[in-house]
Protein chains: 4
Amino acid sequence: MAINNVEALFAESLNELELTKKQKSVLRASLTLFSEQGFDRTSTSDIARVAGVSEGTVYKQFKTKEGILKALLGPFIQQVLPKAAGEFLDTFANTNVPDFETFLRRIVADRLTFFETNKLQLKIFIQEILSNSDMAATFINKTVGGAITRITAVMKFYQQKNEIVDWDPVRIVRYIMSTMLGYALPNLIQPDKKLNIEQSTDEVVEFIMRGIGIKKS
Amino acid sequence: MAINNVEALFAESLNELELTKKQKSVLRASLTLFSEQGFDRTSTSDIARVAGVSEGTVYKQFKTKEGILKALLGPFIQQVLPKAAGEFLDTFANTNVPDFETFLRRIVADRLTFFETNKLQLKIFIQEILSNSDMAATFINKTVGGAITRITAVMKFYQQKNEIVDWDPVRIVRYIMSTMLGYALPNLIQPDKKLNIEQSTDEVVEFIMRGIGIKKS
Amino acid sequence: MAINNVEALFAESLNELELTKKQKSVLRASLTLFSEQGFDRTSTSDIARVAGVSEGTVYKQFKTKEGILKALLGPFIQQVLPKAAGEFLDTFANTNVPDFETFLRRIVADRLTFFETNKLQLKIFIQEILSNSDMAATFINKTVGGAITRITAVMKFYQQKNEIVDWDPVRIVRYIMSTMLGYALPNLIQPDKKLNIEQSTDEVVEFIMRGIGIKKS
Amino acid sequence: MAINNVEALFAESLNELELTKKQKSVLRASLTLFSEQGFDRTSTSDIARVAGVSEGTVYKQFKTKEGILKALLGPFIQQVLPKAAGEFLDTFANTNVPDFETFLRRIVADRLTFFETNKLQLKIFIQEILSNSDMAATFINKTVGGAITRITAVMKFYQQKNEIVDWDPVRIVRYIMSTMLGYALPNLIQPDKKLNIEQSTDEVVEFIMRGIGIKKS
DNA sequence: AATGAATGAGTCTTCATTCAT
DNA sequence: CATGAATGAAGACTCATTCAT
């Protein structure tokens, strides 16, 4: 069964929910099971068993199985890009505008930490995006669109300062993201392995700076 | 239902099968449906309907639903990395060893073409890898392991020629792959859009060469 | 779920119950919901919500969902026929025995008023009788049987006075009841429409008197 | 769960369905069970067991439990009133217009036979009408409305011939129907008892003719 | 070879009922 | 007394798979 109201995914927030201990246990069990086996291969009786509650309890707070998915992914999605964008803006709010490498390092470290913290949600999110075209479309429209505009502004700023190459900002963002993804992806497939954030950040920044930076003579 | 014998996925090859017109139609329908909705959200009756055959016919050649998946992914998986590795070896078989950029351009163009051609299989493959840990483990053991060894040799070769930075070859391969992935991924989510192979190759190579290349003075 | 102890339905009386404001609210909500959607399509949580109480409160007074039904129908059933029979007896207690038309008019007006007042209970009662054979059997045995005897006596009285045709009293009662039913039934289906008691009584009596009356020459 | 597409009930006809032996068995079992226990108190596993088939088979032809209900009631509803109305028209197609008593006797015998033959469907139909307001509304709009017009014409015809009293035709029809109902209803509650059509018809006609007929002097 | 009716285990979901707070 | 979280037994429905025709 496909997810009907993907819109709702982006509207609700987990924080607003009053969750009892058992209901949190349901979410924890669902997070594990969905990420390990996928949404469709996880039955609600699996969830109940792992959460140590009855199946009825699973449905008390989350009216449907999809409801659990929404409760898990909603807060996640709201932070994937928006927070990054917020970070950019905060950066400019500071009078001390950093050089691009400092800026990049901050972003990369922040996002790698976010990915590592939300590894399981990210895995579930990707699973859904690959088998639910609505999900993908809505995500792109609601989330990606707005972020691109702001990020582009940042890139142009550093391009004018002649710190990075004069490529299409979208292209630059693509490289930053895909390089980070190169470090994050293997950990999605084997979630028990932990990402070394510091080293990864150093490596990503080193590579990206070579790839798009401009050496001042 | 999880896939039981992932091992078998790597053993069988579609080529060995004698397929009638109707059976090919079943595979074509399955490829489309699996990639659009995911394996679990696709029912065998969906497949039969889209393929224009009876459900009985679906089960004539492919004993189970998983059998269809194996028939689709088996040949694909055997080519994801192995063929790339083969390409490397062929390169060395030639006496005319090219410079790294030429070598890189050939690999990138080849793999981007492969991804574009096998977009749907790739999408299904990723879906499975994310919800079937057996699949991931077997893939890594059987396929990735062997490729790494050979690729490492190639990288070291060019490092000794001082054409690329002296980083861990695995790290370099990670960047090459993730940069390509940055171009391929959006097309997985929206498979109707076609990748401009030439331009993408140019851009990938340009970025990678800046990122890991060493300018000869 | 079928009703187990229909017997009990006829034993208990609502009057014996001490009902708090909230419990009356439960009964009122149940009456509305049962009559609109039927007993089975009404959930106890619906009742609790409409009554503005918690589900626990619903079960405080009425041990089971069937208990609510019994509380609603018990008093109703005890009045459907018995009171009519009582009416007959009272009539004879009077020394002024009325002519049949007067007698009939009194009965019809009384029963139509009763139906109109207890429209919702009647609707629920019919629903139950049609899907609960125990209910029907018990009702006939306990309630109808006794009434018939007394009513027969009344009919024979008027037949001997040569006011009505000499048909089987059961047949005559059938016509009286079915003619009244002809006016009551449409209002069961559309309970918001109100029955015009006076006009209906006039019409019923006019028709019945033509049908079974004997003109004195 | 209420019935969603009552409209469909009136559109489809059982005759159009190709039913296998087992599927007919499902309908037969459903007819019995629904009429005995009611729609809601009958589970699909009950139906399967009584029909001697698997639960899957129940759902092969009738996509939902409601689908079975529609298959049972659709053909019934199309004949409740329409056929009666058709009968009237056919009567007028004959040059030998019968007197009202002959006409009435024909109608009553026909409808009592219909009720007796379709006793179980009628019982189910009434159950549904009492717990599904959509059902009632649609039935009245689609079926009753049209019939009234034609029946009214017939009544006026006999009124002009001075054979029956000059009451509102709707009122007359009400008496005819409710008197018949008086004979049919007890058999709904105890469906194993068979209605004596001939005697019932005689009695109904005798009573109705007294009630609305006009004696020619 | 092909069909599609038939199967039955398994899934999501509802709901009457209980009980700790 | 009142609450509502928790339970678990059904119930409607799906679907991979089989097999007689």
Side-chain angles (χ1 to χ4, degrees), chain A residues 1 18-23 25-26 40-48 51-68, chain B residues 1 20-23 26 39-49 52-68, chain C residues 1 20 22-23 26 39-49 52-68, chain D residues 1 18-23 25-26 39-48 51-68:
Chain A
M1 213 51 52
E18 296 276 336
L19 295 178
T20 67
K21 200 177 283 183
K22 296 209 169 187
Q23 286 160 354
S25 172
V26 168
D40 293 296
R41 285 171 192 169
T42 302
S43 71
T44 50
S45 73
D46 282 345
I47 295 173
V53 302
S54 72
E55 238 182 306
T57 298
V58 173
Y59 280 85
K60 199 74 181 192
Q61 182 66 47
F62 314 101
K63 306 306 180 196
T64 65
K65 197 180 159 195
E66 287 179 19
I68 305 176
Chain B
M1 214 51 51
T20 67
K21 198 176 282 183
K22 294 204 170 186
Q23 287 158 355
V26 168
F39 177 80
D40 293 296
R41 286 171 192 172
T42 302
S43 70
T44 50
S45 75
D46 280 346
I47 295 172
R49 187 171 34 74
V53 303
S54 72
E55 265 194 274
T57 300
V58 172
Y59 278 83
K60 205 74 188 182
Q61 181 66 47
F62 313 101
K63 304 308 181 194
T64 67
K65 195 181 161 193
E66 288 175 16
I68 305 176
Chain C
M1 216 48 54
T20 67
K22 293 204 172 186
Q23 287 157 355
V26 168
F39 178 80
D40 293 295
R41 287 171 192 172
T42 301
S43 71
T44 49
S45 75
D46 280 346
I47 295 173
R49 188 172 33 73
V53 303
S54 71
E55 266 194 273
T57 300
V58 173
Y59 278 83
K60 205 72 188 182
Q61 181 66 48
F62 313 101
K63 305 306 181 196
T64 67
K65 195 182 162 192
E66 288 175 17
I68 304 176
Chain D
M1 213 51 51
E18 296 277 336
L19 294 177
T20 67
K21 200 175 283 184
K22 296 207 170 189
Q23 286 160 353
S25 173
V26 168
F39 178 81
D40 293 295
R41 286 170 193 171
T42 302
S43 72
T44 51
S45 73
D46 281 345
I47 296 173
V53 302
S54 73
E55 237 182 307
T57 299
V58 173
Y59 281 87
K60 199 74 181 191
Q61 182 66 46
F62 313 101
K63 306 307 179 195
T64 66
K65 197 182 159 193
E66 287 179 18
I68 304 176

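Chain naming here is simple, since letters A, B, ... match the order of the sequence lines and numbering starts at 1 in each.
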Those residues at least two apart in sequence (or on a different chain) that pass side chain to side chain contact (heavy atoms under 4.5 Å, CB included) with T42(D) are L33(D), F34(D), Q37(D), D46(D), I47(D)
Looking at residues at least two apart in the chain, or sitting in another chain, which of them share a side chain to side chain contact (heavy atoms under 4.5 Å, CB included) with S54(C)? T57(C)
So, is Q61(A) near the phosphate of dA6(F), with a side-chain N or O under 4.0 Å from OP1 or OP2? no
So, is S54(B) near the phosphate of dG4(E), with a side-chain N or O under 4.0 Å from OP1 or OP2? no
Out of dA16(F), dA6(E), dT3(E), which nucleotide sits closest to the side chain of V53(B)? dT3(E)
Which of the following nucleotides, dC15(F), dA6(E), dG4(E), is nearest to the side chain of K22(D)? dA6(E)
Rounded to whole angstroms, how far apart are [atom1] on [X] and [atom2] on [N]?
{"X": "I47(A)", "N": "dT13(E)", "atom1": "CD1", "atom2": "P", "value": "10 Å"}
{"X": "I68(A)", "N": "dC12(E)", "atom1": "CD1", "atom2": "P", "value": "9 Å"}
{"X": "R49(B)", "N": "dC15(F)", "atom1": "CZ", "atom2": "C1'", "value": "14 Å"}
{"X": "D40(D)", "N": "dA16(E)", "atom1": "CG", "atom2": "C1'", "value": "15 Å"}
{"X": "R41(D)", "N": "dC15(E)", "atom1": "CZ", "atom2": "P", "value": "15 Å"}

Give the minimum heavy-atom separation between F39(B) and R41(A), together with the two atoms involved. CD2-NH2, 3.4 Å
Close N/O contacts between protein and nucleotides 17-21 of chain E (under 3.5 Å):
unit_1	atom_1	unit_2	atom_2	d
dT17(E)	OP2	Y59(C)	OH	3.1
dT17(E)	OP2	K65(C)	N	2.8
dT17(E)	O4	E55(C)	OE2	3.4

Rounded to the nearest 0.5 Å, what separates atom CD1 in I68(C) from atom CD in Q23(C)? 10.5 Å
For T64(B), all residues meeting side chain to side chain donor-acceptor pair (under 3.5 Å), sequence neighbours excluded: none
Return the set of residues passing side chain to side chain donor-acceptor pair (under 3.5 Å) with T44(A) (not counting sequence neighbours), or none when no residue passes. E55(A)
What nucleic acid atoms does T57(D) come within less than 4.0 Å of, heavy atoms only: base, sugar-phosphate, or nothing? base
By nearest heavy atom, map S43(D) and T42(B) onto DNA chain F; which one lands nearer the 5' end? S43(D)
Dot-bracket summary - DNA chain F, pairs being Watson-Crick or G-U whose distances fall under 3.5 Å, with | when paired to another strand: .||||||||||||||||||||
